Amino acid sequence: MNKKLVVATFFAKPDSKEVLREWIMKTATASRKELGVEKYLVNAIDENLGHFLLVGLYSSEDAFNNHVNSIHVQTFLSAVPDLVEENTTYVATPLNNDSDPKSSIDPS
């Protein structure tokens, strides 16, 4: 099975940065409990401006799909349009470089 790596950025509207942060943290807490979620990292690009970077690693395509279709993610996604100026999400399949273990994610 191929793991999925997801990177998402969220740029809050000026009056929504605290609310967005709360939504992100609440959703991250629930997401970390899901089967197949190997990592779920929340990072501040610039917390004063409400810029956040989320990184998720999922054990498989199914695990990622289950995450996206979960109630907590669907609820979060329904709230996001009112809170953000911009959101970009990238979904990738990690590539392995057997000669350099630090350049890839263990496929097992």
Side-chain angles (χ1 to χ4, degrees):
M1 281 189 257
N2 287 333
K3 295 186 182 201
K4 290 295 173 195
L5 180 70
V6 178
V7 178
T9 57
F10 296 91
F11 297 88
K13 292 179 181 176
D15 58 342
S16 299
K17 61 187 176 185
E18 274 304 313
V19 175
L20 178 61
R21 183 186 190 286
E22 290 172 15
W23 268 104
I24 288 172
M25 297 306 289
K26 178 181 174 182
T27 305
T29 298
S31 296
R32 289 181 184 123
K33 296 176 184 174
E34 294 174 32
L35 185 64
V37 175
E38 295 185 10
K39 295 282 183 189
Y40 199 97
L41 307 173
V42 177
N43 306 275
I45 298 169
D46 186 333
E47 197 164 5
N48 291 328
L49 295 175
H51 297 176
F52 301 95
L53 173 76
L54 281 62
V55 179
L57 178 63
Y58 304 86
S59 62
S60 66
E61 181 83 29
D62 287 342
F64 172 64
N65 289 334
N66 289 338
H67 167 71
V68 170
N69 292 315
S70 67
I71 292 171
H72 56 273
V73 170
Q74 288 298 309
T75 303
F76 171 74
L77 292 175
S78 68
V80 163
D82 294 333
L83 303 174
V84 302
E85 292 179 339
E86 183 181 337
N87 162 240
T88 303
T89 301
Y90 299 96
V91 179
T93 300
L95 301 176
N96 294 315
N97 179 347
D98 295 332
S99 65
D100 184 356
K102 287 189 176 182
S103 71
S104 59
I105 297 169
D106 181 7
S108 59

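Since the structure is predicted, the reported quantities are computational estimates derived from the model, not experimental observations.
Side-chain heavy-atom separations under 4.5 angstrom define the hydrophobic clusters, and Leu35 shares its cluster with no other residue.
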Check the pair Phe52, Glu47 against side-chain contact (heavy atoms from CB on, under 4.5 Å), reporting the backbone distance first and the verdict last.
-> CA-CA 7 Å; Phe52 301 95; Glu47 197 164 5; 4.1 Å; yes
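The cluster map of Ile, Leu, Val, Met, Phe, Trp and Tyr, joined by side-chain heavy atoms under 4.5 Å apart, puts Leu54 and Leu57 in different clusters. One hydrophobic cluster, built from ILVMFWY side chains closer than 4.5 Å, holds both Val6 and Leu20. Val7 and Trp23 are members of different hydrophobic clusters when ILVMFWY side chains are connected at heavy-atom separations under 4.5 Å. Hydrophobic clustering (ILVMFWY, side-chain heavy atoms < 4.5 Å, transitive): Met25 and Phe11 are in distinct clusters. Under a hydrophobic-cluster definition in which Ile, Leu, Val, Met, Phe, Trp and Tyr are linked whenever side-chain heavy atoms come within less than 4.5 Å, directly or via other members, Phe10 and Val91 are assigned to the same cluster.
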Show which side-chain atoms of residues 75-84 pair as donor or acceptor with protein atoms under 3.5 Å away, not counting sequence neighbours.
{"residue": "Thr75", "atom": "OG1", "partner": "Ile71", "partner atom": "O", "Å": "2.8"}
{"residue": "Ser78", "atom": "OG", "partner": "Thr75", "partner atom": "O", "Å": "2.7"}

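By the side-chain contact (heavy atoms from CB on, under 4.5 Å) test, Asn43 is found to be paired with Leu41, Leu53, Val55, residues two or more places apart in sequence or in another chain being considered. Under the salt bridge (Lys or Arg N to Asp or Glu O under 4.0 Å) criterion, Lys4 pairs with Glu61, sequence neighbours left out. Scored by the side-chain contact (heavy atoms from CB on, under 4.5 Å) test, Ser31 finds Thr27, Glu34, Tyr40, His67, His72, Val73 as partners (sequence neighbours excluded). In this structure, the side-chain contact (heavy atoms from CB on, under 4.5 Å) partners of Lys13, at least two apart in sequence or on a different chain, are Asp15, Ser16, Glu85.
Atom CD of residue Glu38 and atom OH of residue Tyr58 lie 11.0 Å apart, to the nearest 0.5 angstrom.
Lys17 contributes a side-chain N or O that, together with a main-chain N or O of Asn48, makes up a donor-acceptor pair within less than 3.5 Å. Under a 3.5 Å cut-off, the side chain of Asn87 and the backbone N or O of Thr9 do form a donor-acceptor pair.
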